[in-house]
Amino acid sequence: MNEQSLTRRPSTSALDVSSIRSMFPILQEKVYDKPLIYFDNAATTQKPKQVLDCIQNYYSSYNSNVHRGVHYLSQKATDAMEDARKIIQKYIGAELNEEIIFTQGTTGSLNLLAYSFCQMLKPGDEIIISAMEHHANIVPWQIACEHKQLKLRVIPFLEHGELDLETFVKLISSNTKLVSVTHASNTLGTINPVEEIIRIAHQHNIPVSIDGAQAIQHLPVDVQKMDCDFYSFSGHKIYGPTGIGVLYGKKKWLDRMPPYQSGGEMIKEVSFEKTTYGELPFKFEAGTPNIEGIIGLGEAIRFVQETGIQKAATYESELLSYFTSQLKTIPGIRIFGEAPHKVSVVSFLVDGIHPYDTGVLLDKMGIAVRTGHHCTQPIMKYFNIPGTVRASLAVYNTSSEIDIFIHSLERVKKMF
């Protein structure tokens, strides 16, 4: 990519960004009497009106528990929930409806997987993760390793934020039982070569789990084409509600794995002598589900489908290039994560200014960013920094907002 293309303002010809922005009521809000500029989408995306209306309609029109009720409201709620499961199944390309397990988020999905999958392992078996993982894809495996006497191996990353695949290959042994890596880094923005990682692992008959929390809203995802064995994501990262997530798993693995939680819904028969478990997906969905969250997530997926994920991906890539080029015009800026393939996330520091101070001052100017270690402390340790300022962009952001951000950051720099 040449310098001219880097500085070109993003084209909105393929995407009606103005119309998209009008769907998000919160974008009309003001912060300290200034128009809100929301650059914290890696933490949570805002919700379009159709998602908000969908949730309100559930509570106003057919609020009821699901699956076991014979009355009208329960049947309607059940149909809406299971329709959402089908929407998600088709959206990510899962072969079977029952391969979609609802959880409370990516963290819940990874905890389910770490607990349940590792019940099938024996002392000395190994799990491989990477050094750029979110804590949610580190700590559950550490706990499982402690409980089952397993070993955790770590793929390092290189200076620009790319995984060291040569070392990955060397880490694989006859004891390796699972590889679990992020599709896209929430701090570095790196889009990892997950298909290559999966291909290498499968050559050794090793299943692969992909943390898709930071990819699902930016990239087309086809789990069958990718051939991953597990894929996790959160609703609130893809314009849906908080507290809802998905664990996709190939049926052959989900059938083998024991339940993670127990209680109602996940059972077939219960007696004081023995309990038998229900079929997929209910085997992993104990208790009353987050019904409104599931229905809202289904509606969020509809929004993404109507917008066009490929159009959105192209537009966000252009936004990222423009943002990065403009940021580099400011002296004393250091960007962390400059891999050639990134989602629209930029982590940076301004020389001599603590990231917290930068974030607080930007907030006073109406700009929302994230500061800190972003639940990736090993990355911060690698660069020997306390944290970064992270700006993360979504389909409703604009180049005009970026211009305001750059001007505001220059003001912050002058204050110090």
Side-chain angles (χ1 to χ4, degrees), residues 85 88-89 92-129 136-137 139-153 172-181 183 194 197-212 221-233 245-270 274-287 289:
R85 197 189 304 269
I88 295 161
Q89 173 211 343
I92 67 170
E95 181 181 4
L96 302 169
N97 187 41
E98 58 263 35
E99 293 177 324
I100 303 300
I101 309 297
F102 289 121
T103 67
Q104 73 268 39
T106 307
T107 298
S109 297
L110 291 168
N111 273 272
L112 186 165
L113 180 61
Y115 173 86
S116 188
F117 187 90
C118 290
Q119 293 304 304
M120 304 186 295
L121 305 187
K122 65 182 186 301
D125 285 343
E126 298 176 355
I127 307 292
I128 295 178
I129 61 173
N137 202 27
V139 181
W141 301 112
Q142 289 177 326
I143 293 173
C145 286
E146 290 174 3
H147 287 175
K148 300 289 291 185
Q149 290 80 55
L150 311 175
K151 293 183 180 179
L152 195 63
R153 311 296 295 275
I172 295 173
S173 74
S174 59
N175 292 325
T176 307
K177 302 304 179 185
L178 183 76
V179 176
S180 186
V181 294
H183 195 165
V194 291
I197 291 169
I198 293 164
R199 185 190 66 79
I200 293 169
H202 283 182
Q203 287 177 344
H204 301 270
N205 297 314
I206 300 167
V208 180
S209 165
I210 302 297
D211 173 353
V221 172
D222 185 330
V223 293
Q224 286 193 77
K225 180 183 176 184
M226 191 185 301
D227 200 25
C228 60
D229 300 274
F230 304 96
Y231 197 93
S232 304
F233 66 91
V246 168
L247 171 65
Y248 156 80
K250 288 181 178 177
K251 187 174 186 296
K252 69 175 183 179
W253 288 112
L254 295 176
D255 280 337
R256 289 177 57 189
M257 289 161 50
Y260 172 52
Q261 294 177 317
S262 56
E265 191 65 23
M266 52 75 66
I267 55 86
K268 185 175 182 181
E269 292 184 1
V270 173
K274 183 176 175 61
T275 293
T276 56
Y277 306 128
E279 300 296 320
L280 294 173
F282 309 115
K283 169 183 169 184
F284 291 105
E285 294 180 354

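Everything numeric here is computed off the predicted structure, so don't read it as measured data.
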I need the [X] [atom1] to [Y] [atom2] distance, nearest 0.5 Å.
{"X": "Leu247", "Y": "Phe284", "atom1": "CG", "atom2": "CZ", "value": "8.0 Å"}
{"X": "Cys118", "Y": "Asp125", "atom1": "SG", "atom2": "CG", "value": "9.0 Å"}
{"X": "Thr103", "Y": "Asn111", "atom1": "OG1", "atom2": "CG", "value": "9.5 Å"}
{"X": "Ile200", "Y": "His202", "atom1": "CD1", "atom2": "NE2", "value": "11.5 Å"}
{"X": "Lys250", "Y": "Cys228", "atom1": "NZ", "atom2": "SG", "value": "7.0 Å"}
{"X": "Ile88", "Y": "Tyr248", "atom1": "CD1", "atom2": "OH", "value": "14.5 Å"}

Polar side-chain atom of [X] near backbone of [Y] as donor-acceptor pair, under 3.5 Å:
{"X": "Asp227", "Y": "Ile198", "result": "no"}
{"X": "Lys283", "Y": "Leu254", "result": "yes"}
{"X": "Asp229", "Y": "Val208", "result": "yes"}
{"X": "Ser116", "Y": "Pro258", "result": "yes"}
{"X": "Glu126", "Y": "Lys151", "result": "no"}

Q. Taking Ile101 as the fixed residue, which of Leu113, Leu112, Val246 is the one that meets the side chain to side chain contact (heavy atoms under 4.5 Å, CB included) rule?
A.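 Considering Leu113, Leu112, Val246, a side chain to side chain contact (heavy atoms under 4.5 Å, CB included) with Ile101 is found only for Leu112.
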Q: Pick out which of Ile128, Ile210, Ile129 makes a side chain to side chain contact (heavy atoms under 4.5 Å, CB included) with Ser180.
A: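 Result: among Ile128, Ile210, Ile129, Ile129 is the only option passing the side chain to side chain contact (heavy atoms under 4.5 Å, CB included) with Ser180.
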Q.
Among residues at least two apart in sequence or on other chains, which ones pass side chain to side chain donor-acceptor pair (under 3.5 Å) with Arg85?
A.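 Once residues adjacent in sequence are excluded, the partners of Arg85 under the side chain to side chain donor-acceptor pair (under 3.5 Å) criterion are Glu82, Glu285.
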Q | Least distance between heavy atoms, Ala94 atom then Ile100 atom | A |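 Closest heavy-atom pair between Ala94 and Ile100: CB-CD1, 4.1 Å.
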Q: Provide the closest heavy-atom pair for Ala136 versus Thr107 in the form atom of the first, atom of the second, distance.
A: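 In this case the closest contact between Ala136 and Thr107 is CB-OG1, 3.5 Å.
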Indicate yes or no: at least one non-hydrogen side-chain atom of [X] is less than 4.5 angstrom from one of [Y].
{"X": "Ile127", "Y": "Leu121", "answer": "yes"}
{"X": "Glu279", "Y": "Glu98", "answer": "no"}
{"X": "Ile92", "Y": "Phe233", "answer": "yes"}
{"X": "Met257", "Y": "Met120", "answer": "yes"}
{"X": "Leu150", "Y": "Trp141", "answer": "no"}
{"X": "Glu146", "Y": "Leu152", "answer": "no"}

Q. When you look at OH of Tyr260, are more than 12 heavy atoms from neighbouring residues, nucleotides or ligands closer to it than 6.0 Å?
A.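 Counting other residues, nucleotides and ligands, OH of Tyr260 exceeds 12 neighbours.
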Q: Can you label the angle between the Phe230 ring and the Phe117 ring as parallel, tilted or perpendicular, going by 30° and 60°?
A: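 If you compare the ring of Phe230 with that of Phe117, the planes turn out perpendicular.
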Q: Decide whether Tyr231 and His183 meet the rule of one side-chain donor and one side-chain acceptor closer than 3.5 Å.
A: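 The answer is yes; a qualifying pair exists.
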